[in-house]
Amino acid sequence: MSGVELSVIIIGLLIGYWVVSMLDKKPEAKPTTEVMPDDTGASAAEAAPATPPWHEVLNVSASASLDEIRAAYKLHISQYHPDKVATLGDELRALAERKTKEIGAAYAEALRAHGIDEA
């Protein structure tokens, strides 16, 4: 194999790698500065915080088994259920309700990821 042939092969590999990396590149999220309808000055990005993936909410690995997911769900629900903080004030109860909804949504998403319809 001559040096020219070897050079052509290496250049072809580099160009191929570059093309594949450009196709695999995810588009960058652009920050929005759109004003919400209530004119409070809050942008759309501030109004809706990003929801973490289900496995982070339930504190399990993304490849966790159904038994691990169910156990984590039961543990988190027992810790954050609004009835646990009913006597501690409205703010803590609202926080517990929000966290319980987040845990429930993460559990439902985990079941869907494992091919189980919760209905």
Side-chain angles (χ1 to χ4, degrees):
M1 182 179 302
S2 71
V4 172
E5 292 172 333
L6 186 60
S7 299
V8 169
I9 290 172
I10 291 173
I11 290 171
L13 287 172
L14 290 174
I15 291 172
Y17 179 78
W18 179 79
V19 168
V20 169
S21 68
M22 294 307 286
L23 292 174
D24 191 41
K25 189 182 246 185
K26 295 179 182 171
E28 294 181 20
K30 296 182 181 179
T32 62
T33 56
E34 183 178 318
V35 176
M36 299 302 287
D38 61 0
D39 292 330
T40 60
S43 68
E46 294 170 343
T51 306
W54 63 266
H55 54 89
E56 287 182 13
V57 173
L58 296 176
N59 199 22
V60 295
S61 71
S63 60
S65 69
L66 285 174
D67 290 334
E68 292 171 323
I69 292 169
R70 285 187 180 113
Y73 169 76
K74 289 178 182 180
L75 173 69
H76 284 82
I77 283 296
S78 69
Q79 290 175 344
Y80 291 103
H81 198 278
D83 290 346
K84 296 270 187 176
V85 295
T87 61
L88 298 179
D90 293 336
E91 289 180 17
L92 288 177
R93 185 172 175 93
L95 178 64
E97 287 174 1
R98 185 171 45 93
K99 186 71 174 172
T100 299
K101 288 178 185 176
E102 183 180 298
I103 293 167
Y107 181 64
E109 187 177 337
L111 292 179
R112 281 192 303 274
H114 281 75
I116 297 173
D117 188 17
E118 189 177 7

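We number each residue from 1, following the sequence as shown.
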Qualifying residues under side-chain contact (heavy atoms from CB on, under 4.5 Å), relative to L13, sequence neighbours excluded: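 I9.
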
Identify, with sequence neighbours excluded, every residue that meets side-chain contact (heavy atoms from CB on, under 4.5 Å) alongside I11. I15

Using residues 84-101 as the side-chain source, report each donor-acceptor pair under 3.5 Å to any protein atom, sequence neighbours left out, with the distance given to one decimal.
residue: R93; atom: NE; partner: E97; partner atom: OE2; Å: 3.4
residue: R93; atom: NH1; partner: P82; partner atom: O; Å: 3.3
residue: T100; atom: OG1; partner: Y80; partner atom: O; Å: 3.0
residue: T100; atom: OG1; partner: A96; partner atom: O; Å: 2.7

Just list the side-chain donor-acceptor pairs under 3.5 Å for residues 69-79, sequence neighbours left out, or say none.
residue: H76; atom: ND1; partner: A72; partner atom: O; Å: 2.7
residue: S78; atom: OG; partner: K74; partner atom: O; Å: 3.3
residue: S78; atom: OG; partner: L75; partner atom: O; Å: 2.7

Counting only pairs under 3.5 Å, give me each side-chain donor-acceptor contact of residues 54-62, with atom names and distances, residues two or more places apart or in other chains.
residue: S61; atom: OG; partner: A64; partner atom: N; Å: 3.3

